[in-house]
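For reference, the structure discussed in these notes is given below.
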Protein chains: 2
Amino acid sequence: MADINFSHISPDPDSRASEGRSPAPRAGDLRWDIIELLFFAYRDFVGDADHELEVFGFGRAHHRVLHFVHRYPGLKVADLLDVLRITKQSLGRVLKQLLDEGYIVQKTGNNDRRQRLLFATAKGEALVAKLAGLQTDRINRALGNITPDGADTVRQFLRAMIDHDDPDKVLETILKPGAATAKDQA
Amino acid sequence: MADINFSHISPDPDSRASEGRSPAPRAGDLRWDIIELLFFAYRDFVGDADHELEVFGFGRAHHRVLHFVHRYPGLKVADLLDVLRITKQSLGRVLKQLLDEGYIVQKTGNNDRRQRLLFATAKGEALVAKLAGLQTDRINRALGNITPDGADTVRQFLRAMIDHDDPDKVLETILKPGAATAKDQA
DNA sequence: CAAGATACGTCAATATGGCTGACATAAATT
DNA sequence: AATTTATGTCAGCCATATTGACGTATCTTG
């Protein structure tokens, strides 16, 4: 049945450069290789969590909320909106579910009692750790043949891929120069 | 007004490891740093294209279709479904728009006349190149302070993040051992 | 050649997760 | 006291994904 051998679908002529044993790319060349690697890598990376989330009746949106609440305990709703870059209404639906089902709790702010500071419950911690575990396994596998210096290079690359203008507050802590994470700034 | 200084939202205790000046992570540690960097990096990476696509009334889905049709000219509909991992019905809408508006053309397969081989038109090529240009600019900026060997490390990492079991045919060409892209296998 | 499998297209209904606009309440600020 | 801020919520819209069913052209096979 005319077994498709894909000889006819190899990348087309204008992807001619920046490839092979990575010769220095000429100006104007497009980074098709890295563009595609990012697509597939991210697809499979989030796929790990997606499968597990289905079991709980949650989606990617719930994961993002739970992740940042876990990582930055006491996050305000407004901060969460900044980080996720979605509207209050979109967040509302997802957050309500996580609250109702006991993955997250709210505490009234001490200084400003209008604020609802968000915290993950034990149940929430357990789920987010499980999801991070799956993703960590993938990352560890991927870093398997890479030296510690190489891992730093990967971090440096990812960090530099992020917009640095007008960072929200969470992003600020992540991007603070030099450190691998915000923790080191405290 | 109680300026939020985020001292209270620094990453919580169980993210205590695998950080700093990347000490070798202990077993069981979670890669919170890379998980978050991937999230933000990918968000901004696709954001570049998203903004431009709005101008054309297209979404991310159109970009993905156009990208792979451009990169692998003569791609069959079935192959596209494999790569994108969406259903025929979902692809249908998006593909129809791209066909109707002249970004893609179909040609009946030579061997198998049931197949509709897909090709980008000049108009399609122009758009996809524009989008790849934006993303390439970001990648080049990110690789700015990284050596050629470091860039290879980044590629190696991204490649290793991808599922290698049951690869579809496009992925197969990308993952073929050693080479940076499929082109080198021809 | 007839039967069945395959490649593709499409209709209909549904879910998720975004969006805008409008409005309400409580608490802080001025 | 008036205003602004932080949050929540109602109502509706849109994009993109899903499943299931069905139709048609074409290739493969008994």
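So you know, we letter chains A, B, ... as the sequences are listed, proteins then strands, and number each from 1.
Along DNA chain C, the nucleotide nearest A:R116 and the nucleotide nearest A:Q97 are compared for position; the residue whose nucleotide lies closer to the 5' end is A:Q97. Each of A:V94 and B:A78 was assigned the nucleotide of DNA chain C with the nearest heavy atom; the assignment lying further toward the 5' end belongs to B:A78.
Heavy-atom distances under 4.0 Å link DNA chain D to B:G59, B:R60, B:A61, B:H62, B:R64 of residues 48-65 of chain B, given in residue order.
Rounded to an integer number of Å, the gap from NZ of A:K76 to P of C:dA27 is 16 Å. Separating the CG atom of A:L99 from the P atom of D:dG8 is a distance of 8 Å, rounded to the nearest angstrom. A:Q115 has its CD atom 14 Å from the C1' atom of C:dT29, to the nearest Å. Between the CG atom of A:L81 and the C1' atom of D:dT5 there is a distance of 14 Å, given to the nearest Å. Rounded to whole Å, atom P of D:dG8 lies 7 Å from atom CG of A:L95. The distance between atom CD of A:Q106 and atom C1' of D:dT9, rounded to the nearest whole Å, is 13 Å. Atom CG of A:L80 and atom P of C:dG18 are 11 Å apart (whole Å).
Sorted by first and then second residue, the ring pair (Phe, Tyr, Trp, His ring centres under 6.0 Å) pairs with a member in residues 90-114 of chain A read A:F58-A:Y103; sequence neighbours excluded. Counting only residues at least two apart or on different chains, no ring pair (Phe, Tyr, Trp, His ring centres under 6.0 Å) pair has a member in residues 77-97 of chain B. Residues in residues 116-145 of chain B take part in no ring pair (Phe, Tyr, Trp, His ring centres under 6.0 Å) pair, two or more places apart or across chains.
The B:K96 side chain lies nearest to C:dT10 when the options are D:dT18, C:dT10, C:dC8. Considering only side-chain atoms of A:R113, the nucleotide from D:dT7, C:dA28, C:dC19 that sits closest is C:dA28.
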- Indicate for each nucleotide in nucleotides 20-25 of chain C, in 5' to 3' sequence, whether protein heavy atoms under 4.0 Å reach the base (B), only the sugar-phosphate (S), or nothing (-). BBB---
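Ring pair B:F45/A:F157: centre-to-centre distance not below 6.0 Å.
Between the side chains of B:E36 and A:H67, at least one donor N or O sits under 3.5 Å from an acceptor N or O.
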- Base-pair string, DNA chain D, Watson-Crick plus G-U, cut-off 3.5 Å on both distances, | for inter-strand, is ||||||||||||||||||||||||||||||
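For B:R93 and C:dG9, a side-chain-to-base donor-acceptor distance below 3.5 Å is absent, hydrogens and geometry of angles not being considered. Contact of B:R114 with C:dT6 (side chain to base): a donor-acceptor pair of N or O atoms is detected under 3.5 Å.
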- Query: What do the steps show when you test B:Y42 against A:F40 for ring pair (Phe, Tyr, Trp, His ring centres under 6.0 Å), and what is the final call?
  - Reply: CA-CA 11 Å; B:Y42 195 77; A:F40 289 111; over 10 Å; no
